[in-house]
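Quick note on labels: first sequence line is chain A, next is B, and so on, each numbered from 1.
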Number of protein chains: 2
Amino acid sequence: MNGTAAAAEDRVFAALANATRREVLRLLRERGPQPVQALADHFDMRRPSLSEHLKVLREAGLVSEQRSGRQRIYRLRAAPLAEVQDWLHPYERFWREQLKGLGDLLDRMPDDDRP
Amino acid sequence: MNGTAAAAEDRVFAALANATRREVLRLLRERGPQPVQALADHFDMRRPSLSEHLKVLREAGLVSEQRSGRQRIYRLRAAPLAEVQDWLHPYERFWREQLKGLGDLLDRMPDDDRP
DNA sequence: TTGACGCGTAGGGGATCGCCTACCTATTCT
DNA sequence: AGAATAGGTAGGCGATCCCCTACGCGTCAA
């Protein structure tokens, strides 16, 4: 593990920490590549602010831009999310154990006592 | 979707945005439940600062504390990470397509031209 | 060529983050 | 009881976040 990889991980998690940016990713996923203004229409926010969010997403590698005339088409780049999934993987057995523990508990409870 | 769920999602992503907090989760995962001082020993940081990180993790539901004498034993609570995985799921086909695209490209390239 | 359009950047301001040093409470040891 | 230990909270302070308005640059239209 080299410092560069750690910095990239940091940029991805930091990019995902903002609800507006997560919503941008969702829009690009559901509606495909779009220019900035089409994205901006979905938010109660001035366009330059959205541009800054797009910059954060770009620097995290989560979107790419492609110029087309005076527009810039933004496109989802999901590869860094695969690394987030890799990061999650070692935790999976923990949440499965805990959910299973809850299931076992419910199995041993009379129905009347269930929450 | 009831506002509360969105706020919970926000707290989880925000909690994961900090490298120290991700490292705390890793320590709890690899070494099991621990008191605060044992965790603090791994960081170049005063103990009260780590206490604040633990508070953020607690409010995101990612750790729980259990008092034992004058110690407080922190334990990993991975359930919110399952929700992160759920959030990732609709993106999975995108990164698979993109990785597959790279694979196809390599398949069509003579070995000498590969990066 | 002049103006309108699409979008990024500069710079400012308030809110929040992340660290610190003090300090407080609760528990345990002598 | 008094001292030591474990850990949370208060408050301060610089850095960063996230929004804004103003402006600059490139492209398309009249």
Side-chain angles (χ1 to χ4, degrees), chain A residues 6-28 31-77, chain B residues 6-28 31-77:
Chain A
E9 177 182 285
D10 229 83
R11 275 194 297 274
V12 173
F13 277 107
L16 297 181
N18 180 278
T20 296
R21 290 192 291 264
R22 292 196 303 274
E23 179 71 4
V24 167
L25 295 180
R26 192 185 65 79
L27 288 168
L28 293 177
R31 313 193 177 206
Q34 295 175 57
V36 176
Q37 188 56 55
L39 291 168
D41 289 342
H42 295 278
F43 299 97
D44 182 25
M45 177 185 304
R46 306 293 176 187
R47 191 195 37 74
S49 302
L50 186 65
S51 269
E52 289 162 12
H53 284 303
L54 290 171
K55 180 178 187 175
V56 173
L57 290 169
R58 244 187 293 123
E59 292 176 347
L62 286 163
V63 302
S64 64
E65 76 164 41
Q66 169 203 343
R67 287 164 209 234
S68 168
R70 51 188 164 182
Q71 300 189 126
R72 310 206 180 179
I73 309 300
Y74 277 84
R75 182 183 310 267
L76 177 65
R77 292 294 175 198
Chain B
E9 176 182 285
D10 229 83
R11 275 194 297 273
V12 173
F13 277 107
L16 296 181
N18 180 278
T20 296
R21 289 192 291 264
R22 292 196 302 275
E23 179 71 5
V24 167
L25 295 180
R26 192 185 66 78
L27 289 167
L28 293 178
R31 312 193 178 205
Q34 295 175 56
V36 175
Q37 188 56 57
L39 292 168
D41 289 343
H42 295 278
F43 299 97
D44 182 24
M45 177 185 304
R46 305 295 177 185
R47 192 195 35 74
S49 302
L50 185 65
S51 269
E52 288 162 14
H53 285 303
L54 290 171
K55 181 178 187 175
V56 172
L57 290 169
R58 245 186 292 125
E59 291 176 348
L62 286 164
V63 302
S64 63
E65 75 165 41
Q66 169 203 344
R67 288 164 207 233
S68 169
R70 53 190 163 181
Q71 299 190 124
R72 309 204 181 181
I73 309 299
Y74 278 83
R75 183 182 310 265
L76 177 65
R77 292 293 173 199

How would you list, by chain and number, every residue that makes a salt bridge (charged side-chain N to carboxylate O under 4.0 Å, His left out) with A/R26, sequence neighbours excluded? A/E23, A/E30
Run the salt bridge (charged side-chain N to carboxylate O under 4.0 Å, His left out) test against B/R77 and tell me which residues pass, sequence neighbours left out. none
Chain A footprint on DNA chain D, 5' to 3' - any atom under 4.0 Å from a heavy atom: D/dC18 to D/dC28
Quick one: side chain to side chain donor-acceptor pair (under 3.5 Å) partners of A/Q37, sequence neighbours excluded? A/D41
Sorted by chain and residue number, the salt bridge (charged side-chain N to carboxylate O under 4.0 Å, His left out) partners of A/R22 (sequence neighbours excluded) come out as B/E9, B/D10
State, yes or no, whether a side-chain contact exists between B/Q71 and B/I73 at a heavy-atom distance under 4.5 Å. yes
Counterpart residues, side chain to side chain contact (heavy atoms under 4.5 Å, CB included), relative to A/A14 (two or more places apart): none
So does B/H53 get a side-chain nitrogen or oxygen closer than 4.0 Å to the phosphate oxygens (OP1/OP2) of C/dC19? yes
In this structure, how many angstroms lie between the P atom of C/dC17 and the CG atom of B/D10, rounded? 11 Å
Rounded to the nearest angstrom, tell me the gap between atom CZ in B/F43 and atom C1' in C/dG18. 14 Å
For a quick test of your reading: what N or O donor-acceptor pairs under 3.5 Å do the side chains of residues 44-53 of chain B make, sequence neighbours left out?
residue, atom, partner, partner atom, Å
B/H53, ND1, B/R21, NH1, 3.1

Residues in side chain to side chain donor-acceptor pair (under 3.5 Å) contact with B/R75, at least two apart in sequence or another chain: B/Q66
Distances under 3.5 Å between nitrogen or oxygen atoms of protein and nucleotides 1-8 of chain C:
residue, atom, partner, partner atom, Å
C/dC5, O4', A/R70, NH1, 3.4
C/dC5, O2, A/R70, NH1, 3.3
C/dC7, OP1, A/V36, N, 3.0
C/dC7, OP1, A/R72, N, 3.4
C/dC7, OP2, A/Q37, N, 2.9
C/dG8, OP1, A/Y74, OH, 2.6
C/dG8, OP2, A/S51, OG, 2.4
C/dG8, N7, A/R47, NH1, 3.0
C/dG8, O6, A/R47, NH2, 3.2

Compare all side-chain heavy atoms of A/L27 with those of A/Q34 and state whether any distance is below 4.5 angstrom. yes
Using a strict cut-off of less than 4.0 Å between a Lys/Arg side-chain nitrogen and an Asp/Glu carboxylate oxygen, indicate whether A/E59 and A/R11 qualify as a salt bridge. no
Separation of B/M45 atom CE from C/dC20 atom C1', in whole Å? 11 Å
Among residues 11-28 of chain B, which residues get a heavy atom nearer than 4.0 Å to DNA chain C? B/N18, B/R21
